[in-house]
Each structure stands twice: as C-alpha cells, then as structure tokens.
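Written out below as structure tokens is the structure these notes cover.
Order of the sequence lines sets the chain letters (A, B, ...), proteins ahead of strands, with each chain counted from 1. The shown structure was predicted, so the numbers you read here are calculated from the model rather than taken from an experiment.
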Amino acid sequence: MTSKRVGIESSLAVSEAVRLANVDVIAAYPITPQTHIVESLAEMVANGYLDAEYIPVESEHSAMSACLGSCAVGARTFTATASQGLILMHEVLLVAASLRLPIVMAVANRALSGPLNIWGDHSDAMITRDAGWIQIFIENGQQAFDQTLCAFRIAEHPDVLLPTVINIDGFHVSHVIEPVYILDQKSVDEFLPPYKYPHPLDPDDPITMGCFAAPNLYTEARKALDASVRASKKVILDTWKKYGDLTGRYYNPVEKYKADGAETILVTMGSYSENAMIAIDDLQDEGKKIGLVRLRLWRPFPYEEVQEALSAAQNVIVLDRAISLGGPAPVCSEIRAALYTLDKKPQVASVVGGLGGRDISPDNFKTLIDLAMQKLKAGETQEIIMFGVRE
Amino acid sequence: MKKDTSIEIRWHGRGGQGAVTSAELIALAAIHEGKFAQAFPSFGPERRGAPVLAFNRIDAENPIRIRSGVVKPDIVVVLDPGLVTLINVTDGLKPGGCLVVNSTRSVEDLQQEFSGDWKLAVVDAASIARELLGVNIVNTTMVGAMVKAAEVVKFESLKAPLNERFGARASSNFEACMRAYNSTVISQITTTGTKKSKSFPMEKIPGWRELLVGCIVTEPGNTKKFGTGDWKSQHPVWDDKKCIKCGICSLFCPEGCIQPNEEGYYRANLFYCKGCGMCAHECWTQAIKMVEGT
Amino acid sequence: METLAIYAPKLVTASDYIASGHRACSGCGEVLAVRYVCKALGRNTIISNATGCMEIVSTPLPETAWEVPWIHTLFENASAVASGIESGLKALKRKHGYTKEVKVVAMGGDGGTADIGLQSLSGALERGHDFIYVCFDNEAYMNTGIQRSSETPFGASTTTAPAGKLSMGQHTQKKNMPAIAAAHNIRYVATSCSSYPFDIMNKIEKAKQIKGPSYIHILSVCPTGWRSASNLTITMGRLAVETGIFPMYEIEDGKYTLNFDYPKLRPVEDYLKLQGRFRHLTKENTAEIQEHVLTEFNRIRMLAGKKIK
C-alpha cells in the first residue's frame, strides 16, 4: 500500500475517494455545505480525471431518483447532499433501501428549517434515521476519505446491497483543510472489487422492480429489509478490518477514548468528539474518572458494542446534536434502550447542544459535563439539558 | 369474552355494481333506528368488473368496537348472479344464516348449488332494476330483498337514507327496493346440494426469507397465472360465418386475450376475458355477440 | 376514424410485453394504449413507471404483467429514474463494454406527468437524456378514485371538483402538456389516443429514432372515471378526435403537423352525452365547450400551416 499525505479540504477528500472508487454516475443538486464535494466531482469529470456521467438534476428528489435508475442498471453511483436536500429526498431514500440499491451518499450534516440555518448539526440525519440506509458518522477529513471508500465496499457487497451514507459535519469537517493520507489507485482497486449488481434491469433478463405489496406481503417485505440491515454489520466489521490491515487505520462501530475504568462516560457522535477528547484529557489530568465513547455506526445500531462500552460505568452523558421536539433526544433514546436490559444500569443524562452551528469548545465540554453531573447527582435524568441556551 | 350480539353481513358484487352503497344504506338505516352499525368496503386493487366485497355489522344493544374483517357472516348477499358459481359465496356463513341471491333461477334450482343449513332467498333483481331504474344496477333492489329475508332493519327505515343518497332518483330506487321486498322467494335449505361448494386453492404466499432481494419479480408476465375471467358477466361469441378474419377484435382487446385458432377464426381466452364487449362493438361485420355468463 | 385497412390488424406484431392477467378495469383504454406502445417499443426497452393505475394493475407482488425490464419507485420521479437509467447505461457502454442498444422509456398518468411529476419531467427533458416520455392521460386521478387533475377537461365532474349547486365541475381548461414539452426545444412531441393503435405505434417508432428526449401524450379512455360504457372505449376515443376535443398532431423540430383534420368537426355534444362526467352540463355549458374546442383546433390548424375553416 502506498498513500500520499496531502493538505486537502475534507469535502475534496471525499471527492478523491469517489474518484478512486471510479464511480460511473453522480447525480447531485447543490446545497450548502455539500457544494464543494459535488463541484470538485464535476470538475474532475469536466477535465477527464474521472470518467463518469454527472447528472445535474433539478432537485434532490430527482438526484436520489436518478441514483435509483443508474444503480438499478448496474452503474456504481454516488451523490451528496445536506439538510433540506436530504429531507426532500427522504421519500426516495426509503425506496433505495427497499429496492436494495447500493448507492453511496455523503451528507454534509446541517440544521433544518425553520428558521433557516445553513450551519452544522445532526437534525437532517436523524430525520432520515429509519430509512433503511447504513449510516456512518465521521470526525475528520481522514475518516471522511476512509469511510467513503469503505462505504462502496460495504454497500455493494453481495451479502449487503444496501445504500450507505457517510455523515460529515457541515463546515466543522466539510470545509476544513487538513492533512489526509490519500490511497493510491492500485491499493483502492485491490480493496474495492468492481461493482456487479446481481439483478440489473436488462432486456435479456427482464425483471420487475418495485411491485406493490398487499397486506399479505408488506410485513414480509419489511421484515426481509430489516433483517438485511441488521445482518450488514458483519460485512461492515469485515470491511473495516480489511481496511485497517491495509492502512493501519482501524474503525469500530463504537470507539472508546480513555474510557476503560471510567466512572462517567460521555457519548458523542461526529466531529465534536475531537473537542470532547481535549476536554477528557484535561479532566483526566485533573484526576476525574471520565472517559469518552464515540458512536461511529448509527445504523445498524450496535447494541452489543454500546452495552459493552457503557455497562461498567455509573454515569453516562449523551450529547445529541439534534432535537426531537417534544420527545427524547434521538441518540440518547437509543443508548437508553440499549442499556435497559442490563442488570446494573448506568444513570443516563441527556444533553442537546451544538444545534445549527453553535460551537461546543473543549472548555464548553467541561461545563457541559459539570451540568450533566449535577443533574445525575440530583437524579433529574428525565430532563433534557439544552446546552448553552440563553434564558 | 363478552357474548357477541352483532349481526354480520357480507355483500358480494363486482367493482362498479354498488355493493358498497348497499352496505351503506343498511348501516344508515340501522343507525337511524338508534342501533349501532358499521359499513365498510374491502380495500384492494380490484377494478371495475372484479369480484369485490362490502360488509355490515349491526348491533341493537352494544356499540361495535371490532375493526377487523367479517369472516363468519350471518347473512350473505350476492348482487351478481354469476358469482354464485364462480366463488365460494357461502364461505364462513354461519349455520342458520341467510343467503340472499340475485338470480333469474328458481329457489329450488338454485339451492342445488349449496349444501348447508341456511335460509335461501332469491329475487330477480336484475329485471326489477332494469324495469324501474332503466339500468342493471341492483344495489338498492338487493337491499329490499335482504331486509325481507332477514329483518335487520325495518323496511321503512330505508326511506331516509335512500332519499339522502339518491335525491331525485330516490323514489324509483325506493320502488325497486319495495318490489324486491315483496317478490323475494325464501326457502330453507338443510339439504346437502348435489353440487359441492368450490374450494379455491390459494397459491402459497412467500415467507420473508423467500422474497428475492429488493422484492423483485424474475418471472416476466407471471400474471398470466391469474385468471381475470371471473370479472365478467357477459362473454363474446363469434359467428364464424360472418367473420372475415381481420383481427380487429384481437387488436382492440385490452386483455390481449383474443387470438386466432388454427383455422384463422378468432376466439377470446375466457380465462382472462373481462367481458368489456369492445370486440363485439368494434367488429366490422358484427360477427361477435356478447352473451350472458362467464 | 383512423385510416385502417381492413386487414391491417393482422400486420401488427403478435408480441405483447404486457401480459394478460393484469387487473385493469374491464374496458380500460389505458392498458390498451400501453399494449400498443410496448408493441412498438419491442423487447430492447427499459421502462420507468410512475405510480398510478398502470403500476397498480400490473404488479401485485409476487406477480408482474411486464415482459420488459420495468421499475416503479414513486409517483413524481419516473423521468428522473429514467435519467439515471439512461446515464447509467451510457457510462456502462463507455467504461465497461456494455453493447446493448436499449431505449429508455418513462411513463405516467396525467397526474404523474402534468402535476406532481412535472418538475422531474421538465428536468429530464431539459438535460437532453435519450428517452421517450409517454403520458397516458385519462384526465383525472383514476387510481385513487377520479379526483381532478390539471388535465381534467373543462366541465367534467370529478370527486374533488364535483358538479353541484354552485359548480359545474372543472372550471379550468386542460393544461397544454404537449406545448410545455415542446417548449424544452426537444425534437419530437406528439399526441395520440388509445383508439388509434397504428397512430400510437407509428409515433413511438418515430420517437425511437430520435436521439434525445421525446414526448408522447396519449388520451386514454377511462370508462370508470368518465362513466361511459366499457364497450364504447374505442368509440369514445374516436369521438374525442372527430369532435376536435383532442387534436392529434406532431411537433417535429418545432414544426406542427395536424394528423387528423376533417372538413367538418362533429359537434362536441356527440362526445359529451355518452359520459356520466358531463351529464350535468347545461346547453350553455356545452356551447361554451364547443366554442373553445373550435378555437383551440383552429389554433393547432394555424400552427400546422393550414387554413382556418
């Protein structure tokens, strides 16, 4: 394996991965903060660095719809979007999963209207949580590159055939230039086999895709899809192992940072995990028994790994960058559900913060943890802490 | 479980014949009397001409809470005479229940079709509807027959819902309803009829592990296994003497089920023919006639 | 009527790509039009179908009536899916040795075309994908129970624009979809009707030869929604054409050709009186419709370079 260390914007690192994957079709509609990904891809196509059809569709709904078509004839297919774009294509996302079309998508996560806000949070990803896609979160440019490559291998694996999304925090990751190791083409070709869709639309073998299912079959269709999403974890783990062996960068559904033996564990997802690490370093230096657990795989949800990582702790603090209006914060809700069957359950505090681009600096994280600890001590864990909100 | 006090009715018709309206009228009449009642259709992709179902529940005493389909009806009403021999209309009909059929056949003749312990009521609703309404739509007529056979509501109670539903055409519909009420012939069948009730083998429905990836279907045109022939009440008959073998009947068949035989004369595959009558209407030489029956 | 030599039907290919056993209504003109379209398309076709009658009646899992590769995903996106199919095949040809010559076809009803699917259709036409779009226009949302669409004709009673004490039903004129399609400067636009098999097949043949997008708008008689007798389906379509209510024309590279013209158009009454959806119309309403039809027909005549009669 050879790779080159370059200074590159994370969005462009994603595009590099897409180029190395030699995709056949890109269908995309521009939306901040996804634009740099699709602009750079369009440029590669315009200059012949990437031999692909770039479809400049008239909406995100059509972007994902065009992806269905190209993927169904057996073309390797990529798109990228964010925020309103992701929820405009929501209807199509569900069909992509149910037809088992292995489209790969990058989402530069951004808040949802209203009010209109172009900055980062996870509201868009949470709304599309139940669409049947494999959903992976990353924290920096290197991970964005690595996971985009891995996504093609996972999605297209004959045992998986599911669309896969890489969630990249808008601006905080997408627009940051940083050093990234870019793999060489030969290594990528060895890692990523050519796309071979098992049953493409083909006049020589005319199949029908997209039948309706009456009450006597809808349940079976949904069960089959759910089973396939759950079963994809095996291939995800295999792929990450293989990628780790190739590059030395190993990934896991749940990744611990100084969490062994910690009494309190902070759970984060996405780029703020790196800020949290700095805070954890400081707090441990001060003698606090606190560690960090980052959730990388959001769907299929890694129940066993979450239990394993959190069961020994007394306290868990979950940070959500999305709000479920009138309900529990989405990540915290899943974490609590995963812990419910344990004999000895940690106390769980729920924090919502970092909405619409609001920063949570390492110092802020210390405050956040303090606040959460007070609530945990007071036993007030039902209440969601809205971090940083002005009264 | 609390004893079930409701009467359940199943209406058999064809898409477009108004079985749903029949069920509605009965429910409204019962509600008008202060009873509890439900009327509902079976929701499906079936189209005009296809056998369809509608349902009623009527309870004189208790509110009806059940939201499931009717599987063991007390009363079965058959709007289309052709359905009697096509589908198992008495499926699940409770012993001691009542079967009401629109037919030109006599009650003695018709009871040979069934075996069970039921009351059989027969009325020539088609003739009544044609005479009084000018069309062969028997939904209101069959309501009269049903109320005669099993007085689930008082006959007078039908008047208000008929008025509301039919406006200017209410009086003719009420008349048809009354004519049917007065001319329905009822007999008790405790015999085992000579003809056994049909059984309809369902093709095995796949389990979730058997569905192909993405629920694709890999057998092109496999609807050919599905007969739509039971949708029709009339079928085409060719007079080969008049036929010039032009094939326009074949071209204008929406089912694509009219093909030439070895001698070059055309025939409809009645397994699919829905009886639309386009072939007969478009035939240059009027060689095709539509004849009652499937 | 269509100049139909008596033995012409025998010349039509016996191959069908939509199989018997489909669940379309008895007397359905739309499925008949689909039959003709598919005959002309032939086997080397991939169809992207919008949600609607044709999708529902043809594909109840685990069954399919289709004998060409066929995909249905949603209501409003048939053209976008077709864009992806066409682009995918292009990439496969250029990069992966794919050699088959396949025509990509998107189809939908009037709702899936002129209402909810208009944006994705416009996008696909504008981008110049090599595909045929076929609109099967039965003039309302028949699949959900005869609700009005922008293609419902003036005066028709539908379940969401019913005739009533204060309303004569649809009070707007049919959206001019062929003109909208033509405004994308595509090379071939045509109208046709389910009662004219040879016209449909000829126009599909022409569209197949075009590299780039083409649009065919087929009036598809719906006895259920129009409340007409099912054996009159062919008659109804002919009357729509012979009264001038539905002109049959082509727009080739912007140039109009009127395919069916008559010394004298039949009165619209002949068409309207056979349909329950127009039963409520007054003499004045009918006169208004008659006048509009003549104006519109003359407009097409003029565009086709003919003298106004």
Proximity breakdown for C:R43 and chain A, heavy-atom pairs closer than 4.5 Å:
both
For A:V95, is it the side chain, the backbone, both or neither that has a heavy atom under 4.5 Å from a heavy atom of chain C?
side chain
Kindly indicate whether the side chain of A:E91, heavy atoms from C-beta on, has any atom under 4.5 Å from the side chain of C:E76.
yes
Atom group of C:V68 that falls short of 4.5 Å from chain A, counting heavy atoms:
backbone
Contact class of A:A27 relative to chain C, heavy atoms under 4.5 angstrom
neither
Using a heavy-atom cutoff of under 4.5 Å, enumerate the residues of residues 201-211 of chain A that contact chain C, numbered in order, or state 'none'.
A:L201, A:D202, A:P203, A:D204, A:P206, A:I207, A:T208, A:M209, A:G210, A:C211
Heavy-atom pair with the smallest gap, counting every atom of C:I85 and A:V73:
CG2-CG1, 3.7 Å
Identify the heavy atoms of C:A80 and A:S62 that sit nearest to each other, and give their distance.
CB-OG, 3.5 Å
Selection from C:E86, C:R94, C:E55 maximising heavy-atom pairs under 4.5 Å formed with chain A:
C:R94
Apply side chain to side chain contact (heavy atoms under 4.5 Å, CB included) to C:T73 and A:L99, showing your working.
CA-CA 9 Å; C:T73 66; A:L99 293 180; 3.8 Å; yes
Heavy-atom contact with chain A under 4.5 Å, split by part of C:Y17
neither
Identify which part of C:E63 has an atom lying under 4.5 Å from any heavy atom of chain A, answering side chain, backbone, both or neither.
backbone
Part of A:P200 lying under 4.5 Å from any heavy atom of chain C:
neither
Based on non-hydrogen pairs under 4.5 Å, which of C:L89, C:T51, C:L61, C:I46 is most in contact with chain A?
C:L61
Part of C:S120 within contact of chain A (heavy atom distance under 4.5 Å)
both
Of A:S70, A:A75, A:P194, the largest count of non-hydrogen pairs under 4.5 angstrom with chain C goes to A:S70
Show the numbers, then the answer: is there a side chain to side chain contact (heavy atoms under 4.5 Å, CB included) between C:L74 and A:L68?
CA-CA 11 Å; C:L74 293 165; A:L68 299 181; 5.7 Å; no
Per-residue tally against chain A (heavy atom, under 4.5 Å) across C:S79, C:G123, C:A65 peaks at C:G123
Please identify, among A:T77, A:L94, A:V92, A:D51, the residue contributing the most non-hydrogen atom pairs under 4.5 Å to chain C.
A:D51
Over all atoms of both residues, closest heavy-atom pair of A:V25 and C:A91:
CG2-CB, 4.4 Å
For the pair A:I55 and C:H129, evaluate side chain to side chain contact (heavy atoms under 4.5 Å, CB included) and give the outcome as yes or no after the intermediate values.
CA-CA 10 Å; A:I55 317 178; C:H129 296 281; 3.8 Å; yes
Honestly, the part of C:I71 sitting under 4.5 Å from a heavy atom of chain A is both
Just how far is it from atom OG of C:S83 to atom CD of A:E58, taken to the nearest 0.5 Å?
7.5 Å
Please evaluate residues C:Q119 and A:H61 with respect to the criterion side chain to side chain contact (heavy atoms under 4.5 Å, CB included), reporting the C-alpha separation (whole Å), side-chain torsions for both, the decisive distance (0.1 Å), and the verdict.
CA-CA 10 Å; C:Q119 176 181 316; A:H61 196 283; 5.9 Å; no
Please identify, among A:P56, A:A213, A:A72, the residue contributing the most non-hydrogen atom pairs under 4.5 Å to chain C.
A:P56
Looking at every non-hydrogen atom in both residues, tell me the closest pair between A:V23 and C:K95 and how far apart they are.
O-NZ, 2.9 Å
Looking only at atom types and distance, does a side-chain atom of C:K90 sit under 3.5 Å from a main-chain N or O of A:E53, one as donor and one as acceptor?
no
Grab the two heavy atoms, one from A:D24 and one from C:H96, that are nearest each other, plus how far apart they are.
OD1-NE2, 2.8 Å
